[in-house]
Number of protein chains: 4
Amino acid sequence: MPKIVTDSDRLQKRRIILDAAAAEIARYGYDRANINTIAERAGIGRGTIYLYYTNKEDVLLSLLNSIGSMIDEIVCKCINSDQSWPQKIRDLALAFAQMALDHNDFFRVHISALHGVNRDIGQPVAFWLMKSFHRLTAALVQAIQEGEIFLYDPQTLAWIILGTLESMALLPNILNLSESLTQERANSLATFIWQGIAPSAKNNMVLG
Amino acid sequence: MPKIVTDSDRLQKRRIILDAAAAEIARYGYDRANINTIAERAGIGRGTIYLYYTNKEDVLLSLLNSIGSMIDEIVCKCINSDQSWPQKIRDLALAFAQMALDHNDFFRVHISALHGVNRDIGQPVAFWLMKSFHRLTAALVQAIQEGEIFLYDPQTLAWIILGTLESMALLPNILNLSESLTQERANSLATFIWQGIAPSAKNNMVLG
Amino acid sequence: MPKIVTDSDRLQKRRIILDAAAAEIARYGYDRANINTIAERAGIGRGTIYLYYTNKEDVLLSLLNSIGSMIDEIVCKCINSDQSWPQKIRDLALAFAQMALDHNDFFRVHISALHGVNRDIGQPVAFWLMKSFHRLTAALVQAIQEGEIFLYDPQTLAWIILGTLESMALLPNILNLSESLTQERANSLATFIWQGIAPSAKNNMVLG
Amino acid sequence: MPKIVTDSDRLQKRRIILDAAAAEIARYGYDRANINTIAERAGIGRGTIYLYYTNKEDVLLSLLNSIGSMIDEIVCKCINSDQSWPQKIRDLALAFAQMALDHNDFFRVHISALHGVNRDIGQPVAFWLMKSFHRLTAALVQAIQEGEIFLYDPQTLAWIILGTLESMALLPNILNLSESLTQERANSLATFIWQGIAPSAKNNMVLG
DNA sequence: AATGAATGAGCTTTCATTCAT
DNA sequence: AATGAATGAAAGCTCATTCAT
């Protein structure tokens with residue numbers, strides 16, 4: 001009489017494995033992360049991982065898709081809200097900062113894959129990033145048309161915004177800063193971004 | 001009589017090895033970069049690398065110090081010039097973008113080490129980053145005091161500036177954008193940053 | 001269900017590896033013995049050895065402990081028997097000679113480690129040798145006090161006895177002598193030793 | 001104008017290299033002894049060694065021939081003297097002990113090669129050992145015939161004598177004993193041997 | 001379904017030897 | 001004659017993956 005494994009059981013175990021993998025990879029990097037240790041952390045046998053994922057890379061890709069979609073969802077939600085643009089940007093900054101705290105391991109793996117050099121591994125990161133990027137670009141195009149924000153090349157602007165959001169979220173990891181000021185930093189960043197794109201800006205004339 | 005090898009010869013060969021290593025590591029990452037392949041690329045024997053570097057990690061650290069000091073030198077030079085602040089920022093953005101093009105392999109290794117998870121390897125990156133960070137922070141503190149730029153927490157500001165500079169420099173690599181627009185993007189970024197910190201900014205009051 | 005591996009299975013496989021290692025090391029020496037070849041000889045994969053021993057040195061140390069304890073056991077058993085001293089010595093000589101035949105590979109590794117120069121590797125050899133040495137010395141002290149054997153410095157005497165036992169056991173290996181005369185040579189040695197320590201010269205008649 | 005190198009210069013430099021090699025090999029064993037370090041110790045360039053010896057093994061073989069012939073000379077000289085047999089044996093023991101002190105590095109290499117497992121390397125050791133062995137055996141055959149010593153199988157006896165001599169000489173190295181008692185131990189050994197082979201037990205009184 | 005013992009490809013590093021100078 | 005920079009074969013060890021149980 002075989003054990004009955006529902007889809008829900010399966011998803012749950014995939015999740016457990018993913019969490020364990022995120023913890024390992026966030027500490028040692030993909031190449032040095034040890035399948036054996038991941039299995040131990042997940043409380044299962046080494047071979048069992050291969051019943052849920054085809055191989056090590058599959059685990060990583062799944063992990064990157066997970067965090068990638070999570071980020072895209074945040075971007076989507078904040079951008080499409082009924083708030084004003086200054087508020088949208090503040091919401092984005094806060095949501096990013098919070099996500100970097102709540103899912104720190106996933107986020108670190110995401111960042112290292114994003115800036116790492118391996119093209120294969122970078123693929124799902126690029127996929128989701130593009131999705132968020134286009135989503136944001138489209139919203140900016142409309143906002144610029146409606147005069148809500150200063151005229152820029154929307155693509156460059158979208159990139160700058162996403163880039164600064166990630167930089168800010170990374171700050172505590174690299175500089176070992178206290179996490180307690182996360183909210184304040186998010187506010188500062190939102191202020192900074194908004195100043196850079198607010199319609200009233202004329203100061204840029206200074207530059208060629 | 002033995003073959004005479006001058007210090008200059010030695011430095012030259014170290015440079016050749018470093019270039020080959022940068023090319024490999026920029027393509028495959030540190031862990032997957034193969035000493036054998038690096039030697040082939042450098043046109044020397046496998047063992048020869050160990051006459052110039054103590055081990056694989058030593059090659060990487062040397063490489064990271066090389067690019068780290070190069071970046072710091074750029075920051076130093078741009079910040080301490082006699083230009084106005086808007087111009088300083090534009091110089092920075094252009095110099096960064098240019099460096100990312102001229103030393104693309106080194107820069108990519110630098111970025112992946114910066115955002116990677118390996119603490120040992122990240123050490124020289126952090127060292128140089130801190131140097132540039134403090135350099136920039138000090139300059140900002142003075143500029144704020146003299147009313148040249150809008151009041152901010154200088155550290156957060158320094159981080160935002162460095163972060164956006166690197167994000168911008170990375171753009172072509174991640175989005176496969178044309179390199180021909182590098183200058184324009186650098187200008188856009190400089191404009192954006194300057195708007196965010198110009199003394200005339202009052203729009204930030206909009207945000208809580 | 002996982003394959004069940006009992007402690008007995010584990011010990012058995014350790015033994016198989018040890019035998020293969022002894023055969024290799026006895027032929028080529030520790031430094032030249034090849035893990036790959038040892039694995040082949042043991043009929044297992046290269047990596048499997050590392051499931052049973054932490055590294056190459058661990059294999060050797062285990063091997064040396066095995067033969068060291070075996071020798072000590074022989075010394076202990078022969079010395080503490082109820083036999084007369086001439087008989088004890090004859091038993092020792094015969095047991096040594098037999099052991100050198102039965103466990104020739106182990107014994108050769110033991111001897112080469114004993115007389116080799118590597119201190120780390122010599123450590124377990126020295127440990128067991130000291131144990132046998134003190135055991136024998138203590139027995140000789142008592143025998144001398146009871147007038148059973150001629151007055152000597154017991155330590156020197158113990159060393160001479162152990163030394164001649166090992167020399168004799170080595171004889172076939174070095175001189176390529178026939179093994180068929182092993183028993184006779186052991187008898188000769190026992191006679192020789194006994195003459196050297198008997199309280200009077202007549203006792204040598206006791207031995208065959 | 002080429003430098004003129006006389007045969008004497010050549011021999012002298014060969015000797016210097018041999019001394020350096022003996023020091024290294026006595027510390028680390030043949031396999032781990034480093035040609036580079038030997039060259040440094042000898043105060044010459046790495047490549048120079050290959051002008052005097054064809055390869056590493058050649059250095060070792062030459063070294064073993066050197067100590068092997070030295071030992072054989074001692075045996076020859078002591079055995080063929082006009083002394084009585086008790087005195088001959090005492091002379092042998094003392095000369096061995098002294099040689100082990102004066103040429104400690106050479107002797108240790110000799111011993112480790114003798115008891116080591118490598119047949120190729122053991123070859124010159126075996127050659128000289130055989131020579132001494134046959135020399136001693138022949139002398140014993142005659143002594144037995146002339147009734148000067150107790151009736152034994154001369155080969156076994158020769159081996160026992162050589163074996164105990166080497167055991168004794170090794171004692172300080174293995175047990176870390178003081179070298180100051182070397183003479184006394186040599187005397188003890190001579191006494192022991194003589195008792196074992198004297199025609200009657202009273203003869204041991206002859207020795208101090 | 002679950003396990004972990006077994007495997008072997010692939011890696012870094014060492015070092016005896018060569019050879020241009 | 002003398003040197004030491006350069007070489008590459010060879011070795012120990014790790015770890016993702018397989019598969020018998």
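A note on names: the letters A, B, ... follow the listed sequences, proteins ahead of strands, and every chain is numbered from 1.
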To the nearest Å, how far apart are [X] [atom1] and [N] [atom2]?
X	N	atom1	atom2	value
R10(C)	dA6(E)	CZ	C1'	13 Å
D7(B)	dA5(F)	CG	P	12 Å
Y53(C)	dG12(F)	OH	C1'	17 Å
I49(B)	dA6(F)	CD1	P	12 Å
I38(D)	dG4(F)	CD1	C1'	16 Å
E40(B)	dG8(F)	CD	P	10 Å

Side-chain contact, heavy-atom cut-off 4.5 Å: [X] with [Y]?
X	Y	answer
W128(D)	H110(D)	no
R46(D)	I35(D)	yes
L114(D)	H115(C)	no
D105(C)	R27(C)	yes
R32(D)	N118(C)	yes

The correct set of residues in residues 15-37 of chain C placing a heavy atom under 4.0 Å from DNA chain E is none
Out of dA6(E), dT18(F), dC13(F), minimum distance to the side chain of K13(C) belongs to dA6(E)
Side-chain atoms of R46(B) come closest, of dA6(F), dT3(E), dA9(F), to dA9(F)
For the CD atom on Q12(C), are there more than 12 heavy atoms of other groups (residues, nucleotides or ligands in this structure) within a distance under 6.0 Å?
no
Atom CD of residue position E57(C) - does it have more than 12 heavy atoms of other residues, nucleotides or ligands inside 6.0 Å? yes
Value for NE2 (H103(D)) from CD1 (I71(D)), rounded to nearest 0.5 Å, stands at 10.0 Å
Cation-pi geometry met for K56(B) and Y50(B) (6.0 Å, 45°)
no
Comparing nearest nucleotides in DNA chain F, the 5'-proximal residue of the pair G45(B), G43(D) is G43(D)
Walking DNA chain F from its 5' end, the first of G47(C) and I44(B) to be reached, judged by nearest nucleotide, is I44(B)
Read 5' to 3' with Watson-Crick or G-U pairs under 3.5 Å, [ ] for crossing pairs and | for partners on another strand, DNA chain E gives .||||||||||||||||||||
Donor-acceptor pair, T48(D) side chain versus I44(D) backbone, under 3.5 Å? no
query: Would you say the side-chain atoms of Y30(D) pair up with the backbone N or O of V109(D), donor to acceptor, closer than 3.5 Å?
result: no
### Query
Under 4.0 Å between a side-chain N/O of Y52(B) and OP1 or OP2 of dA5(F), yes or no?
no
Hey, does the side chain of Y50(B) come within less than 4.0 Å of dC15(E)'s phosphate (OP1/OP2), counting only N and O? no
Electrostatic pair R41(B)-D19(B), nearest N-O below 4.0 angstrom:
no
In numerical order, the residues of residues 54-67 of chain C whose heavy atoms come under 4.0 Å of DNA chain F are N55(C), K56(C)
